[in-house]
Amino acid sequence: MAAPKGLQALARLHGIQTSYQGNDGARVTATPEAVMAALRALRVPAESAADLKRLLAHRRRELADRVLEPVVVGWRSGGARGQRRVAGDITLRLPATLRDRTLDLRVGLEEGGERSWSVAASSLEAVEETEVDGRASVTLRAPLPGDLPEGYHDLSVECAPGRWDALLIVAPRRAVGWDAIADRPAWGVFAPLYSLHEEHRPSPDYDLLDRLAERTARKGGAVVGTLPVLAAFLDRPCEPSPYVPASRLFWNELYVDPARAPGAEDLPADERWTVPAGGDPRWLDARRLMAGKRPALEALSRRFFAGDPEADLAAFHARNPRAEDYARFRALTERSGTWGQWPDRLRARDVRESDYDPEVARYHLYVQWLAEAQLQAATQRAADRGVSLYLDLPVGVHPDGYDVWRERALFARGASAGAPPDPLASQGQDWGFPPFHPEAARLDGHRYFVACIRKHLRFAKVLRIDHVMQLHRMFWVPAGDAANGVYVRYPAEELYAVLCLESRRAGAVIVGEDLGTVPAAVRTGMKRHGLYGMYVAQFELEVAKDAKGG
């Protein structure tokens with residue numbers, strides 16, 4: 001079927017690639033149906049070809065009227081820290097009638113204070129002149145002040161009769177390198193936390209990361225890595241996969257050790273946790289293990305809240321402002337099932353205490369507090385031994401999870417993230433979770449992405465970004481048809497700016513998972529911004545062996 005007139009132009013204006021280079025090098029053209037499905041997932045009401053002319057005119061007008069992009073990036077580079085200068089421009093699309101006006105610019109600094117200046121629009125470089133619906137506009141570039149500090153700042157531009165606002169990210173051009181966390185090249189070990197056990201402690205827990213770090217340090221290693229350890233659904237629904245978490249903002253209670261909780265020694269014998277009898281210790285039955293731990297954790301939670309928990313929780317709440325909201329969500333899920341089944345009021349996030357069991361909500365708040373404390377303790381002990389923790393940020397989140405419920409506008413719920421066909425998956429891959437909505441993320445100032453990165457870098461000195469191609473583009477699968485998906489572009493420079501800034505603030509290395517078929521632009525971007533790549537050792541050894549002639 002031929003593409004309806006205007007479809008490709010509309011797709012491009014919304015960041016949809018209508019074709020891509022497949023694994024075999026051949027050009028793959030998306031079907032019109034797949035492109036229309038992607039537009040609808042982007043919340044563009046493209047129901048039929050008859051809608052396209054109107055939607056195309058609307059999008060052109062929308063972009064022409066966007067005087068200031070929602071996110072502006074400035075890069076600090078060169079010289080010693082105090083001598084670095086900011087490079088970057090503010091792109092402005094002004095109505096041609098304002099070309100002779102004065103622009104008043106202001107930057108509200110993240111740490112307080114502000115910078116303000118004025119500039120004649122006529123003195124700025126004009127890069128483009130356009131006309132849409134008979135209305136002429138000119139695109140100008142205004143240079144950023146060279147002495148702005150790194151951070152997330154509020155930018156505003158005023159020119160009577162209008163004012164426009166944006167997030168200004170001033171970031172180092174590169175993430176920190178390995179030498180920021182170690183004074184020598186080093187090796188490390190990797191093991192999924194659920195695979196670790198000791199003879200007298202067959203249940204995996206956060207403390208085993210430190211136990212592994214202890215043994216690694218004795219052998220001269222400097223890093224311990226593991227799969228994602230984020231919150232999971234462990235009952236109904238049960239989805240223990242580390243790559244489909246219930247939230248990317250909270251930790252997995254499965255790895256909490258009740259025996260190490262404050263006050264555990266005071267529990268009556270019948271309330272203490274013991275590893276469930278039976279089962280094969282080589283395999284982890286997450287639902288069964290969690291069901292065994294929970295009664296002891298519930299007893300500890302009741303004792304914790306019966307006392308005076310505010311002193312313990314104050315700092316936790318400051319670091320985790322969404323914790324109580326998350327706890328209520330989990331309690332709601334236990335009472336009423338997945339949120340897609342909830343009444344409209346609850347789906348709309350209007351939650352009242354009568355909707356859930358407060359004791360269950362307190363339990364979920366308690367286990368998050370305890371998980372963070374135990375992970376912090378293990379991380380600190382490992383660091384004292386000279387071993388850094390390497391964590392993994394998955395690319396997605398469970399469609400029934402907290403993040404999608406709370407941050408619904410940030411997800412394109414009419415599609416699934418996935419991968420196109422290749423020799424390993426001839427029909428493509430459907431990963432079963434909604435991709436992030438690039439435009440909504442920009443309009444929200446990448447707030448959720450920043451929160452996810454910070455959550456991990458509080459503990460990790462090395463962070464792996466799963467499917468790093470997500471910074472540039474994602475493969476969107478319509479209605480489970482992975483063979484006919486399309487790529488959607490993401491604001492790569494803005495996301496690199498977040499990673500570089502958070503890397504510098506935490507003193508942490510960023511690793512991008514770039515295995516498989518990855519466009520050259522992705523690795524170029526990673527190299528430019530100091531992200532490390534990945535290799536499969538077996539394949540590299542084979543290549544080296546072949547290069548030497550066997």
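Sequence positions, counted from 1, serve as the residue numbers for this chain.
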Residues which pass salt bridge (charged side-chain N to carboxylate O under 4.0 Å, His left out) with Arg99, listed by chain and number, not counting sequence neighbours: none
For Val28, all residues meeting side-chain contact (heavy atoms from CB on, under 4.5 Å), sequence neighbours excluded: Tyr20
Electrostatic pair Asp65-Arg93, nearest N-O below 4.0 angstrom: no
Electrostatic pair Asp325-Arg322, nearest N-O below 4.0 angstrom: no
Pairwise side-chain contact, Met474 with Val395, heavy-atom cut-off 4.5 Å (strictly under): yes
His14 (side chain) donor-acceptor with Leu10 (main chain) under 3.5 angstrom: no
When the side chains of residues 176-186 are checked against the rest of the protein, which donor-acceptor pairs come out under 3.5 Å, sequence neighbours left out?
from, atom 1, to, atom 2, distance (Å)
Trp178, NE1, Arg184, O, 2.8

Ring centroid separation His467 to Trp431 under 6.0 Å: yes
Results of side-chain contact (heavy atoms from CB on, under 4.5 Å) for Ala460 - residues two or more places apart only: Leu391
By side-chain contact (heavy atoms from CB on, under 4.5 Å) - contacts of Glu114 (at least two apart): Arg106, Ser116
Counterpart residues, side-chain contact (heavy atoms from CB on, under 4.5 Å), relative to Ala120 (two or more places apart): Ser122, Ser123
Residues that Arg473 engages under salt bridge (charged side-chain N to carboxylate O under 4.0 Å, His left out), provided they are two or more places apart: none
Where at least one partner belongs to residues 494-518, residue pairs that pass ring-ring contact (aromatic ring centres under 6.0 Å, His included), sequence neighbours excluded: His472-Tyr496, Tyr496-His529
Test: Asp147 and Arg115 ion pair at under 4.0 Å: yes
Exercise answer: donor-acceptor pairs, residues 434-449 side-chain atoms, under 3.5 Å, sequence neighbours excluded:
from, atom 1, to, atom 2, distance (Å)
His437, ND1, Glu439, N, 3.4
His437, ND1, Ala440, N, 3.1
His437, NE2, Leu42, O, 3.1
Glu439, OE2, Arg66, NH1, 3.4
Glu439, OE2, Arg66, NH2, 2.3
Arg442, NE, Glu494, OE1, 3.1
Arg442, NE, Glu494, OE2, 3.0
Arg442, NH1, Glu69, OE1, 2.9
Arg442, NH2, Glu69, OE1, 3.1
Arg442, NH2, Glu494, OE2, 2.7
Asp444, OD2, Arg447, NE, 3.1
Asp444, OD2, Arg447, NH2, 2.9
His446, NE2, Glu494, OE1, 2.8
Arg447, NH1, Glu407, OE2, 3.1
Arg447, NH2, Glu407, OE1, 3.0
Tyr448, OH, Arg248, NE, 3.3
Tyr448, OH, Asp403, OD2, 2.5

Test item: Arg61 side-chain N/O and Leu56 main-chain N/O as donor-acceptor pair under 3.5 Å: no
With sequence neighbours excluded, residues passing salt bridge (charged side-chain N to carboxylate O under 4.0 Å, His left out) with Arg40: none
Residue pairs fulfilling salt bridge (charged side-chain N to carboxylate O under 4.0 Å, His left out) with at least one residue in residues 389-399, sequence neighbours excluded: Asp392-Arg464
Residues that Arg101 engages under salt bridge (charged side-chain N to carboxylate O under 4.0 Å, His left out), provided they are two or more places apart: none
Nearest-0.5 Å distance, CZ of residue Arg60 to CG of residue Leu55: 12.0 Å
